[in-house]
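The structure under discussion appears below in the form of structure tokens.
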2 protein chains.
Amino acid sequence: MRPMPPTATMSPPENAESRAGGPAFSPLYQQIKALITRSLQSGEWRPGEAIPSEMELAVRYKVSQGTVRKAIDELATENLLVRRQGKGTYVATHAEEQIQYRFLRLQPNDPAVTHQLQRRFVDCRRQRASAEIARLLDMKTGEAAVQIRRLLLFQGTPVVFDDIWLPGRDFKGLTAERLAGYRGPLYGLFETEFGVRMIRAEEKLRAVGADAATAQWLSVPPGSPLLSVERLSFTYGDKPVEVRRGLYSTASHHYRNELS
Amino acid sequence: MRPMPPTATMSPPENAESRAGGPAFSPLYQQIKALITRSLQSGEWRPGEAIPSEMELAVRYKVSQGTVRKAIDELATENLLVRRQGKGTYVATHAEEQIQYRFLRLQPNDPAVTHQLQRRFVDCRRQRASAEIARLLDMKTGEAAVQIRRLLLFQGTPVVFDDIWLPGRDFKGLTAERLAGYRGPLYGLFETEFGVRMIRAEEKLRAVGADAATAQWLSVPPGSPLLSVERLSFTYGDKPVEVRRGLYSTASHHYRNELS
DNA sequence: GAGTGGTCTAGACCACACT
DNA sequence: GTGTGGTCTAGACCACTCC
């Protein structure tokens with residue numbers, strides 16, 4: 001990192017790319033952003049904690065406050081950081097979310113209904129990754145994986161059946177007891193207990209007919225239309241760390257999305 | 001609008017809120033943003049055209065370039081404007097979209113398949129708005145509305161059946177002939193021919209069973225699971241101007257979504 | 001009052017597109 | 001070369017939070 005001197009006649013920024021002779025140009029604030037992201041990834045600043053103030057970071061990286069600011073701005077819009085005026089900038093966390101389940105887009109059709117949600121774990125066991133799971137999670141077929149199946153209930157009515165797959169190497173010691181004992185969202189547990197923070201996900205939605213087993217879990221007739229939601233979640237560095245297939249009963253709920 | 005003078009001892013911005021005695025504080029750039037939005041809405045700058053340069057706008061609104069910049073930044077992230085380095089800032093348009101159908105999230109399961117899309121209009125007629133349509137479009141039950149039904153085909157296979165409702169007052173003269181003769185996305189036609197630009201939409205997704213008529217249109221067995229996509233689209237000022245219910249056949253396609 | 005993020009300005013220079 | 005958006009700096013003041 002080489003900041004511009006405070007004179008009128010600046011020398012070129014000499015960012016990493018230009019030094020390496022590469023053709024790409026990377027603005028200073030992008031480099032700062034990368035450095036901050038690295039510190040987040042390394043755990044220098046943990047989820048829920050405050051990071052140093054903009055001024056402190058400006059001194060540390062030898063750039064102006066405005067440049068740090070622009071880097072933080074982008075990280076905040078990507079939901080990696082949370083700004084709180086007058087207090088500081090904090091590392092985002094799934095563990096203390098009041099509006100729990102940030103990634104769950106399911107809503108009751110009747111907005112008056114209180115959004116009360118229960119969980120019921122069906123099972124949690126270590127398995128060998130199938131070819132497809134392995135491909136998605138960037139591992140080898142047959143490698144150790146953890147499978148979790150669970151039910152989500154709104155007001156006592158089962159609405160979602162989730163089938164979740166995690167790489168075994170990142171989730172050693174994840175057991176049914178551990179799951180049952182934890183309060184709060186699953187991603188909070190992953191973050192707190194295993195240091196794996198979900199920052200982004202891709203979903204593929206389809207309509208499917210309920211198979212016999214799922215029909216039973218969701219208390220619907222076999223063959224009923226269900227919303228299939230295949231999610232691939234990523235942590236820092238766009239590393240895939242979770243595959244999840246949810247089957248949603250959409251009789252009294254719907255999946256909400258915003259387009260722009 | 002009262003800009004700060006270029007002196008060190010500034011007088012307060014005296015924005016609209018503080019003058020009115022209201023407790024709310026609105027930054028200058030938000031006010032600029034509102035002024036630019038008003039010009040977009042009034043048609044002073046039309047879709048596809050360039051708006052004045054940042055410097056020109058700064059002079060016009062008597063603020064610094066940086067303040068105009070921040071206003072434009074937000075409008076660009078909201079997809080109302082498009083910045084093109086070295087050329088200017090342009091009003092976003094649906095009419096010249098290469099990646100047509102910006103709001104359509106449907107993708108082939110097999111990414112290798114070329115994304116070739118056909119349209120077939122089923123009908124287009126003037127109707128009285130039902131209570132539900134009227135409620136959604138902010139009109140009175142029984143008021144004039146336009147109903148369009150159409151089919152989307154990927155590689156000759158029907159995949160989407162759309163049932164579209166528009167307020168009659170905003171779409172006088174919209175006929176089947178007009179639809180059939182237009183090349184490009186529907187929203188391009190709305191924008192070019194009727195001055196109605198869609199800027200945002202909300203969608204509710206559910207899984208449903210195909211009714212007899214829809215099953216026929218989509219060449220699937222009756223009762224087949226279909227993805228129901230209810231869309232409410234908005235123009236400037238969050239005014240609702242389109243209700244659309246799409247039924248998607250998700251055998252070889254899926255609805256793609258990104259979470260963060 | 002001290003400290004933090006948020007806004008605003010002014011000015012310089014860089015990257016890019018057109019002519 | 002000229003004009004556009006894009007980056008970077010420096011400094012001032014405002015709004016908010018906590019002591």
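Just so you know, these numbers come straight off a predicted model, no measurement behind them. All chains are named by letter (A, B, ...) in the order of the sequence lines, taking the proteins before the strands, and each is independently numbered beginning at 1.
Protein atom CG of A/Leu28 is 11 Å distant from nucleotide atom C1' of D/dT9, rounded to whole Å. The CG atom of B/Asp73 sits 7 Å away from the P atom of D/dG6 (whole-angstrom rounding). A straight line from CD1 of A/Ile72 to P of C/dG6 spans 9 Å, rounded to a whole angstrom. Taking atom CG of residue A/Leu57 and atom P of nucleotide C/dG3, one finds them 17 Å apart after rounding to whole Å. Taking atom CD of residue B/Glu74 and atom C1' of nucleotide D/dG5, one finds them 18 Å apart after rounding to whole Å. Between B/Lys33 atom NZ and C/dT7 atom P the separation is 11 Å, expressed in whole Å. Rounded to an integer number of Å, the gap from B/Gln30 CD to C/dG6 C1' is 12 Å. Taking atom CD of B/Glu54 as the reference point, atom P of C/dC8 lies 15 Å away to the nearest angstrom.
At D/dT4, none of the side-chain N or O atoms of B/Arg84 fall inside 4.0 Å of OP1 or OP2 (strictly under the cut-off). Regarding contacts with the backbone of D/dC18, a side-chain N or O of A/Lys87 is found under 4.0 angstrom from either OP1 or OP2. Within the 4.0 Å cut-off from OP1 or OP2 of C/dT7, at least one side-chain nitrogen or oxygen of B/Lys70 is found. For the pair B/Thr89 and D/dG5, the criterion of a side-chain N or O lying under 4.0 Å from OP1 or OP2 is met. OP1 or OP2 of C/dT4 has not a single side-chain nitrogen or oxygen of A/Arg83 nearer than 4.0 Å.
The number of heavy atoms from other shown groups lying within 6.0 Å of CD (B/Glu258) is above 12.
When distances run from any side-chain atom of A/Tyr29 to the nucleotides D/dC8, C/dT9, D/dG5, the shortest one goes to D/dC8. When distances are taken from the side chain of B/Val63 to each of C/dC8, D/dG5, C/dT9, the shortest belongs to C/dT9. Listed nucleotides C/dC8, D/dT9, C/dG5 differ in distance to A/Ser64; the shortest reach to its side chain belongs to D/dT9. Listed nucleotides: D/dA15, C/dG5, C/dT9. Nearest to the side chain of B/Phe25: D/dA15. Out of D/dT4, D/dT7, D/dT9, the shortest distance to the side chain of B/Arg69 is found at D/dT7.
The line from OH of A/Tyr90 to CH2 of A/Trp45 is 14.5 Å long, rounded to the nearest 0.5 Å. If you take OG1 on B/Thr89 and CD1 on B/Ile51, they are separated by 5.0 Å, rounding to the nearest 0.5 Å.
Within the 4.0 angstrom heavy-atom criterion, base atoms lie near B/Gln85.
With a 3.5 Å ceiling on both atom-pair distances, C/dT19 lacks any Watson-Crick or G-U wobble partner.
Nearer the 5' end of DNA chain C, as judged by each residue's closest nucleotide, is the contact made by A/Pro52, out of A/Pro52 and B/Gln65.
Here the side chains of B/Arg231 and A/Leu259 are in contact, with some heavy-atom distance below 4.5 Å.
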* Test A/Phe190 against A/His94 for side chain to side chain contact (heavy atoms under 4.5 Å, CB included), laying out the working first. => CA-CA 9 Å; A/Phe190 293 170; A/His94 291 277; over 6 Å; no
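A side-chain donor-acceptor contact under 3.5 Å links A/Arg178 to the backbone of A/Gly173.
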